[in-house]
Amino acid sequence: MKRFLHRSSSSLIFSGFLILLLLASLAGCAGEEGKSPAGGEKKEAAAANDIRIGVAGAHSGDLASYGLPTVKAAELVVKDINAKGGILGRQVKLLVEDDACKPEMAANTAAKLVSAKVHAVIGHICSGATKAAIGIYKDAGIVAITPSATNPELTQSGRYPNFFRTIAPDDAQAKMQVDFALNRLNARRIAVLHDKGDYGKGLAEFAKKFVEASGVAEVVLFEGVTPGAVDYSAVVQKIRGTKADAVIYGGYHPEASSIVMQMRKKGMKTAFLSDDGVKDTTFIKVAGPYAEGVYATGPRDTSSNPIAIAANEAHKKAYGSEPGAFFLNAYAATQALLNAIEKAGSTDYEKVRQALRSQEVETPLGTIHFDVKGEAVGVGFAMYQVKNGVYTEVE
């Protein structure tokens, strides 16, 4: 009996020891598992501390050649800044969203970026898309800065105090086109066409106004064309019938290239002037030899600026190609925005707005700041012409 009791006691002691080992093991596992959520929390905290910048524009479709250079510009600026420690001790994170330059998509894109709690937005690219999105950002207290949306109403209406741009507005662009047509080309009968959009029609209306106010020329045709149409022969025939000396077109390269090609194929030598929506290598690629001689306004050539030289070289090194349309404007927009956040010492909406207006920043476009309307001071347009398959600035 004693022997039995002895064995039972030993068994109990051994079993108890096993239970203690098991409990210790479980406690250890629990401790290890507890480390993972803590690490996750740290990562989440770091991510929450990022300065989140939305990049919105056409990243697909016919107008992607206008939007993708902005993404690349923002990536290059942010990569350089993050490598130097970020802004205010925080890393900058880009949230890229595609609106295909369509207003209905732009509104959804804006709502998505607001939900992602971005601190500011670079974009949108097209005027119609920008107009659809900018009010959403305003209501959310988010600054937006565009490299390319030129519709004058965006700044001149006073409705969007959160809006800034690193490109001059369409009234300045249209004035340059009309002055050039009248004074350099001696045009007296001018046909004005547009694509019915916020950008193209707005520019065309200014051109019409400036021609009529000149007192030396007349608008012989003012008409909108349907974007995406295959055949523009009807409007081309109207241009021929008016005996116009020049055509001023407000819109983008897909329609412009089709109209120019059909005009030249019919033997029409009428001067063709357009805007920064056409001053793009894609227009030349599509129109081919028919692009020769076409005029288009675009941002001033600042390629000799040391910052522009460095930015262009960085693009070639990173992406293996030449930068596209509005690249330098987008580079400047990203620099101006992040500089404003740094100078403001905060991502606070009001503080960033004030810093954009009061703080100068060195960019590929020169030293810039923004006026009370959101226009970049010191930024303007130049006239270019396609010569030997390349846009060349007209002296």
Side-chain angles (χ1 to χ4, degrees), residues 41-57 69-97 109-110 112-124 134 137-138 140-147 161-166 305-308 310-315 317-318 323 326-370 374 376-377 379:
E41 285 172 9
K42 287 179 180 178
K43 289 181 180 178
E44 287 177 10
N49 195 44
D50 288 340
I51 294 175
R52 296 180 299 282
I53 305 296
V55 184
T70 291
V71 177
K72 293 174 181 177
E75 287 175 347
L76 290 172
V77 174
V78 166
K79 181 181 179 182
D80 184 53
I81 285 177
N82 281 341
K84 295 175 181 176
I87 299 291
L88 307 178
R90 301 159 66 181
Q91 292 287 287
V92 181
K93 180 180 180 181
L94 297 177
L95 284 75
V96 180
E97 292 292 339
T109 291
K112 191 171 181 180
L113 290 174
V114 169
S115 295
K117 300 186 186 308
V118 296
H119 296 107
V121 173
I122 299 166
H124 293 223
I134 198 65
Y137 299 134
K138 183 186 76 170
I142 295 173
V143 164
I145 181 168
T146 177
N162 61 320
F163 178 74
F164 299 82
R165 58 181 159 208
T166 53
N305 179 306
I307 299 177
N312 287 331
E313 287 302 317
H315 186 285
K317 183 178 179 180
F326 308 114
F327 170 75
L328 293 181
N329 297 74
Y331 201 98
T334 309
Q335 287 182 312
L337 181 59
L338 296 180
N339 177 71
I341 291 173
E342 183 174 41
K343 293 296 174 61
S346 169
T347 55
D348 177 76
Y349 169 65
E350 287 296 340
K351 290 179 180 179
V352 172
R353 281 204 314 136
Q354 292 305 317
L356 281 167
R357 292 188 175 120
S358 62
Q359 301 294 327
E360 291 190 330
V361 58
E362 297 291 334
T363 77
L365 308 180
T367 303
I368 65 170
H369 69 280
F370 301 87
V377 177
V379 172

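No experiment lies behind these values; they were computed from the predicted model shown. These values consider heavy atoms only, across backbone and side chains, with no hydrogens, waters or symmetry-generated copies.
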Q.
If I compare all heavy atoms of Thr109 with all of Ala56, which pair ends up nearest, and what's the gap?
A. CG2-CB, 4.0 Å
Would you be so kind as to tabulate the donor-acceptor pairs closer than 3.5 Å made by side chains of residues 332-346, with sequence neighbours excluded?
{"unit_1": "Thr334", "atom_1": "OG1", "unit_2": "Ala330", "atom_2": "O", "d": "2.9"}
{"unit_1": "Ser346", "atom_1": "OG", "unit_2": "Asp348", "atom_2": "N", "d": "2.8"}

Q | Heavy-atom pair with the smallest gap, counting every atom of Pro323 and Asn312 | A | CG-OD1, 3.3 Å
(Q) Under 6.0 Å from the ring centre and within 45 degrees of the ring axis: does the NZ or CZ of Arg165 meet both conditions for the six-membered ring of Phe163? (A) no
For residues 79-86, please give each side-chain donor-acceptor pair under 3.5 Å, one per line with the distance, not counting sequence neighbours.
{"unit_1": "Asp80", "atom_1": "OD2", "unit_2": "Lys84", "atom_2": "NZ", "d": "3.3"}
{"unit_1": "Asn82", "atom_1": "OD1", "unit_2": "Val92", "atom_2": "N", "d": "2.8"}
{"unit_1": "Asn82", "atom_1": "ND2", "unit_2": "Val92", "atom_2": "O", "d": "2.9"}

Q) Given side chains that start at C-beta, do those of Thr146 and Phe164 come closer than 4.5 Å, heavy atoms only? A) no
Q | For His315, all residues meeting ring pair (Phe, Tyr, Trp, His ring centres under 6.0 Å), sequence neighbours excluded | A | Tyr319, Phe327
Q: Could you give me the CA-CA distance, side-chain angles and deciding distance for Glu362 and Ile307, then say whether side-chain contact (heavy atoms from CB on, under 4.5 Å) is met?
A: CA-CA 8 Å; Glu362 297 291 334; Ile307 299 177; 3.7 Å; yes
Q. Are Phe326 and Pro69 close enough that some pair of their side-chain heavy atoms sits under 4.5 Å apart?
A. no
Q | Gln91 and Val78, any side-chain heavy atoms less than 4.5 Å apart | A | no
**Q.** Shortest non-hydrogen separation from Ala74 to Ile122 and the atoms involved
**A.** CB-CD1, 4.3 Å
Q) Do side-chain atoms of Arg353 reach the backbone of Val143 as a donor and acceptor pair under 3.5 angstrom? A) no
Q: Could you walk me through whether Leu365 and Tyr331 pass side-chain contact (heavy atoms from CB on, under 4.5 Å), step by step?
A: CA-CA 9 Å; Leu365 308 180; Tyr331 201 98; over 6 Å; no
Q: Looking only at non-hydrogen atoms, find the nearest pair between Asn329 and Pro147 and report the distance.
A: CB-O, 3.4 Å
Q. Taking the side chain from Arg90 and the backbone from Asn49, do they hold a donor-acceptor pair closer than 3.5 Å?
A. yes
Q: Could you check if a side-chain atom of Ile53 sits within less than 4.5 angstrom of a side-chain atom of Leu95, using non-hydrogen atoms only?
A: no
Q: Can you measure from CD (Gln359) to CD1 (Ile368) and round to the nearest 0.5 angstrom?
A: 13.0 Å
Q: Evaluate the side-chain proximity of Tyr349 to Asn162: yes if any heavy-atom separation is below 4.5 Å, no if none is.
A: yes
**Q.** Nearest atoms (heavy-atom pairs only) where Gly366 meets Asn305
**A.** N-ND2, 3.6 Å
Q.
To the nearest 0.5 Å, what is the distance between CG on Leu113 and CD on Glu97?
A. 5.0 Å
Q: With side-chain contact (heavy atoms from CB on, under 4.5 Å) as the test, would you mind laying out the steps for Leu356 and His369 before giving the verdict?
A: CA-CA 6 Å; Leu356 281 167; His369 69 280; over 6 Å; no
Q | Worked check of side-chain contact (heavy atoms from CB on, under 4.5 Å) between Val121 and Ile145 | A | CA-CA 6 Å; Val121 173; Ile145 181 168; over 6 Å; no
Q: Answer yes or no: is there an ion pair linking Lys72 with Glu75, defined by an N-O contact shorter than 4.0 Å?
A: no
Q: Could you label the plane-to-plane angle of the Tyr137 and His124 rings as parallel, tilted or perpendicular, counting under 30° as parallel and over 60° as perpendicular?
A: tilted
Q | For the student: nearest non-hydrogen atoms of Ala308 and Leu328, plus distance | A | CB-CD1, 4.0 Å
